[in-house]
Amino acid sequence: MEEMNFCQSCGMLLPDESLYGTEKDGSKTPEYCTYCYQAGEFTEDVSMDEMLAISLKHMKEGGVLEQMGQTEAQAEQMMKEFFPQLKRWQK
């Protein structure tokens with residue numbers, strides 16, 4: 001089974017390189033998505049809680065919560081446990 005790759009900022013699943021962010025030299029990085037990381041920098045200066053709220057909004061608007069069979073509260077709780085494990089938010 002292939003290992004799943006997640007953006008180390010927003011937690012989005014990165015199933016292929018088309019979603020990878022880029023380094024300063026333009027090379028793709030599998031660590032971050034294109035929405036969070038471009039040209040070697042994060043696209044937004046946000047806290048972990050702000051990123052959680054942004055991600056939750058996108059999940060809700062994109063129908064991901066329905067696909068996962070989760071309520072907004074369940075997804076928020078899951079992300080509160082998952083986000084501190086992501087590279088960007090580790091202390």
Side-chain angles (χ1 to χ4, degrees):
M1 185 174 186
E2 191 174 323
E3 184 176 324
M4 289 193 288
N5 193 25
F6 296 93
C7 174
Q8 294 297 302
S9 175
C10 71
M12 183 173 86
L13 185 61
L14 300 173
D16 61 66
E17 288 186 25
S18 68
L19 294 171
Y20 289 3
T22 56
E23 296 293 353
K24 287 183 181 183
D25 65 3
S27 64
K28 298 274 189 175
T29 177
E31 290 190 322
Y32 299 104
C33 74
T34 189
Y35 306 110
C36 289
Y37 196 74
Q38 296 176 6
E41 296 183 11
F42 291 108
T43 57
E44 294 186 68
D45 182 20
V46 294
S47 69
M48 184 176 70
D49 288 334
E50 290 169 323
M51 181 59 75
L52 192 146
I54 291 167
S55 296
L56 190 58
K57 178 182 178 229
H58 288 296
M59 289 175 72
K60 186 176 177 182
E61 290 174 354
V64 176
L65 295 179
E66 290 176 11
Q67 291 173 0
M68 294 174 63
Q70 289 187 328
T71 65
E72 192 171 338
Q74 289 170 322
E76 182 176 14
Q77 182 59 41
M78 179 189 71
M79 287 191 289
K80 283 182 177 181
E81 294 170 8
F82 181 57
F83 272 41
Q85 299 173 39
L86 299 175
K87 184 177 179 180
R88 183 176 184 184
W89 311 116
Q90 290 181 354
K91 304 233 184 236

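For reference, positions follow the sequence shown, starting with 1. Quick caveat: nothing in here was measured; it's all calculated off a predicted structure. Scope of the values below: all heavy atoms of this structure, side chains included, with no hydrogens, waters or symmetry mates.
At least one donor-acceptor pair closer than 3.5 Å links the side chain of Q90 to the backbone N or O of Q85.
Sequence neighbours left out, the pairs with a member in residues 38-49 that pass side-chain hydrogen bond (donor to acceptor under 3.5 Å, both in side chains) are S47-E50. Residue pairs satisfying the salt bridge (charged side-chain N to carboxylate O under 4.0 Å, His left out) criterion with at least one member in residues 6-18, sequence neighbours excluded, are absent. Among residues at least two apart or in separate chains, salt bridge (charged side-chain N to carboxylate O under 4.0 Å, His left out) pairs with a member in residues 73-86 are E76-K80.
Among all heavy-atom pairs drawn from L19 and P15, the shortest one is CD1-CD, 3.7 Å. Scanning all heavy atoms of the two residues, the minimum distance from L14 to C33 falls at CD2-CB, 3.6 Å. Of all non-hydrogen atoms in S9 and R88, the two that sit nearest each other are OG-NH1, 2.9 Å.
Residues meeting the side-chain contact (heavy atoms from CB on, under 4.5 Å) test with P30, sequence neighbours left out: N5, Y20. Listed by chain and residue number, K87 satisfy the side-chain hydrogen bond (donor to acceptor under 3.5 Å, both in side chains) test with E31 (two or more places apart in sequence, or in another chain). Partners of E23 according to the salt bridge (Lys or Arg N to Asp or Glu O under 4.0 Å) rule, which considers only residues two or more places apart in sequence or in another chain, do not exist here. F42 pairs by the ring-ring contact (aromatic ring centres under 6.0 Å, His included) definition with Y32, Y37, not counting sequence neighbours.
Put simply, OG1 on T29 and CD on Q8 are 9.5 Å apart, with the number rounded to the nearest 0.5 Å.
Applying the 6.0 Å contact sphere to CZ of F6 captures more than 12 heavy atoms from other residues, nucleotides or ligands.
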For residues 51-65, which side-chain donor-acceptor pairs fall under 3.5 Å, sequence neighbours excluded?
residue	atom	partner	partner atom	Å
S55	OG	C10	O	3.4
S55	OG	M51	O	3.1
K60	NZ	E72	OE1	3.2

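Grouping the Ile, Leu, Val, Met, Phe, Trp and Tyr side chains by contacts below 4.5 angstrom, directly or via other members, places Y35 apart from F82. Residues M12 and M68 are members of separate hydrophobic clusters, defined by side-chain heavy-atom contacts under 4.5 angstrom among Ile, Leu, Val, Met, Phe, Trp and Tyr.
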